[in-house]
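Here, residue 1 is the first one in the sequence, and each next residue gets the next number.
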Amino acid sequence: MEFKIKSDFEATGDQPQAIDKLSRAIEKGNPNQTLLGVTGSGKTFTVAKIIEKVQLPTLIICHNKTLASQLYQEFRDFFPDNAVSYFVSYYDYYQPEAYIPQTDTYIEKEADINPEIDKLRLTTTANLLSRPDSIVIASVSCIYNIGSPQDQEKHTLTLARGQVISRDTVLMRLSDLQYQRTTTELSRGMYRAVGSNVQLYPSYKDIIISLVFDEKTLKSIDILDPYNFIKIEDLDLEKTGQITINPAKLFITDPKSQGDAIANIRKDLAIQIGFLKKSGKTIEAYRLDQKVNYDLSMLEEVGYVNGIENYSRYFDGREPGDPPYSLMEYFHYNVKRFKKSGFLTVIDESHISLPQIRGMYNGDQARKENLINFGFRLPSAKDNRPLTFTEFLSRTPQKLYCSATPGDYELSLSKTSDIPMVAEQLIRPTGLLDPEVEVRPVLGQVDDLSKEVFARKEKGERVLILTMTKKMAEDLSDHLKTKYFLKVEYLHSDVKTLERSEILDNLRLGNFDCLVGINLLREGLDLPEVSLVAILDADKEGFLRTPTALIQTMGRAARHVNGKVILYADKISKSMKIAIDETRRRRVVQHKYNQDHGITPIGISKPIREAMLHREKSSPTPKIKELAEFGWSEIDDVNPESLTPQKKKALITKLKKLMSQAANSWNFELAARYRDTIKQLH
């Protein structure tokens, strides 16, 4: 299937030249190219058009989950008929295993796995194994070890209507694929067998696969809705008469090679115990012996153990030091299987994403070094790791870097390629210009700033203020509230993720006029109501006041017709000069384009995502119409003791559907409330 965009948008401004220039370079095999696109210029649409033109499976890497989810929704809308997947770390909370020798403190791995994200990760690998038209939006966690694609492919189970296969054989194969058997309610990753009927809830898809056997023949295969078990149509099944079931987990052990792997683990265990004892580490040797033998017992009994990834090298057949199997291996597998010329890697906000990728390996190895030295892990645990930066580069032969402020590294690569390739995208479809920039003295800056906020408030516009520290953000916010009676809030890393979204929504809604923050306001914020960005201590050279940081921050005012930036400083630093000169250069280019084409800039009117408004002002929890028949209106009203078993079952079915809808809308807090209520009903 070809990549095909379905959108009412057309490429405008300088998007066509960027699309054409970059597409031609990629088609010619150019390894590195950069899209320098200003904020609001439609970089996402440009990348989508490039994918449509070059027809290559594409990996898009972002530096955090929030941006990844935004891009996933946009690309899913652009390519509704193609396999667009979302691949990020599946932990809502993650505390890695660690040991601190100075205080003799062992920190056990603690994680809260998000089942919806787990499903999306499994969907991603399933798509790459089976679909030539795959687009994956991923965080930088995609460079971590996830197991071999060959093992995943080898462990798939393909069933066809009329196939000669017994029910018991299928059940054994499902167990090998790490599906768990249940005799009660089905949930993701489980199956149940009643008589000649077997029902399976795949880990990677919200469907129920119903299999009916007649002696040693698979009589029928049907797809059912997981909430009401009504038969639903599946075009692929109707066309081919068969279905492929993928493993329930990314790490799968082959029963045939498991014996060899366990033998090798025992061999390395003996060597490491001998080494520890020789080094005088008797306690560490005993600790390691107990831990590894327990894990091996679990592997022999059930074929799986928590932390199995630490032994992945043995099951993958890798030698010590060999790179892990990351998501990139699945793309190479996809390319080979579907005979593509290659795949494209898009690195979004490359000035941040690339340093993250570069730094992950060293941090991971330093943590595991302590675990190995003190008898908590075998040395092989170091091979369950992220890719090194060099390994990452070698596995992504064609890269497109995207940023409003690309770093020197990616620019140098793009300029020294066989075909020098940096495409500028400075023109916004709306005709909006980069903001005006003004430098004002520090003396009296708060009084001056309050007047500017009042002026914007009268026009119904909003203001962002950037400080250097969290304390400054909080103090300035309180000062503007108490002395000037302005409606002000602050935003920094101590504010919880879900609260950040609510704060930003309230700013857009006009519930307050000014937001004070630090560097969190640089990337990914789409606030078209903001007409002024004020930066305090703009001349303080450092991480928060580099040319890149200043340009990114100033760009937050570029979505408003009256966009303006005020830099409060006593001198113009080197970074300020670079940022001001670049912003003015872009503004000149944009103004000339508008004049030449008779364009009048128009402001952006963008609705607030409904998922961010799930709470009603009058109630801490949303009213739920599905509870009305039980006499309740909110989740907190649910009283399991007042329900009969039949009513409990009916309510669980309704709440599961609501939970899935909430999760699919990225409203994980609401989904968690439904989940907790379902647990109470069991």
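- Ring-centre distance between Phe374 and Tyr99: below the 6.0 Å cut-off.
- Using modelled atom types, one finds no donor on one side chain facing an acceptor on the other under 3.5 Å when comparing Gln365 with Asn362.
- The nearest pair of heavy atoms linking Leu544 to Met468 is CD1-O, 3.4 Å.
- Residues passing the side chain to side chain contact (heavy atoms under 4.5 Å, CB included) test with Tyr294 are Met298, sequence neighbours excluded.
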Problem set entry | Verdict with reasoning, Asp268 to Tyr314, per side-chain hydrogen bond (donor to acceptor under 3.5 Å, both in side chains) | CA-CA 10 Å; Asp268 285 352; Tyr314 300 100; 2.7 Å; yes
Give every donor-acceptor pair under 3.5 Å between a side-chain atom in residues 269-278 and any protein atom, sequence neighbours left out.
none

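- Checked against a 6.0 Å centroid threshold, the rings of Tyr191 and Tyr179 do not count as neighbours.
- For residues 324-335, the set of pairs meeting the salt bridge (Lys or Arg N to Asp or Glu O under 4.0 Å) definition, not counting sequence neighbours, comprises Glu329-Arg395.
- Salt-bridge formation is detected for the pair Lys154/Asp151: a Lys NZ or Arg NE/NH1/NH2 atom is positioned less than 4.0 Å from an Asp or Glu carboxylate oxygen.
- Using a cutoff of 4.0 Å between basic side-chain nitrogens and carboxylate oxygens, Lys368 and Glu309 are not scored as salt-bridged.
- Under the salt bridge (Lys or Arg N to Asp or Glu O under 4.0 Å) criterion, Lys471 pairs with Asp475, not counting sequence neighbours.
- Sorted by first and then second residue, the pairs that involve residues 376-385 and meet salt bridge (Lys or Arg N to Asp or Glu O under 4.0 Å), not counting sequence neighbours, are Glu97-Arg377, Asp295-Arg377, Arg313-Asp383, Glu369-Lys382, Arg385-Glu391.
- You'll find the ring centres of Tyr106 and Phe376 inside the 6.0 Å limit.
- There is no side-chain donor-acceptor pair under 3.5 Å between Ser187 and Tyr201.
- The side chain to side chain contact (heavy atoms under 4.5 Å, CB included) check on Ser297 picks up nothing, with sequence neighbours excluded.
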For this session: Evaluate the criterion salt bridge (Lys or Arg N to Asp or Glu O under 4.0 Å) for residue pair Arg188 and Asp118; output intermediate values, then yes/no.
Result: CA-CA 10 Å; Arg188 191 174 293 124; Asp118 189 24; over 6 Å; no
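- Ring centers of Tyr401 and His351: at least 6.0 Å apart, outside the cut-off.
- In this structure, Phe389 has its ring center closer than 6.0 angstrom to the ring center of Tyr409.
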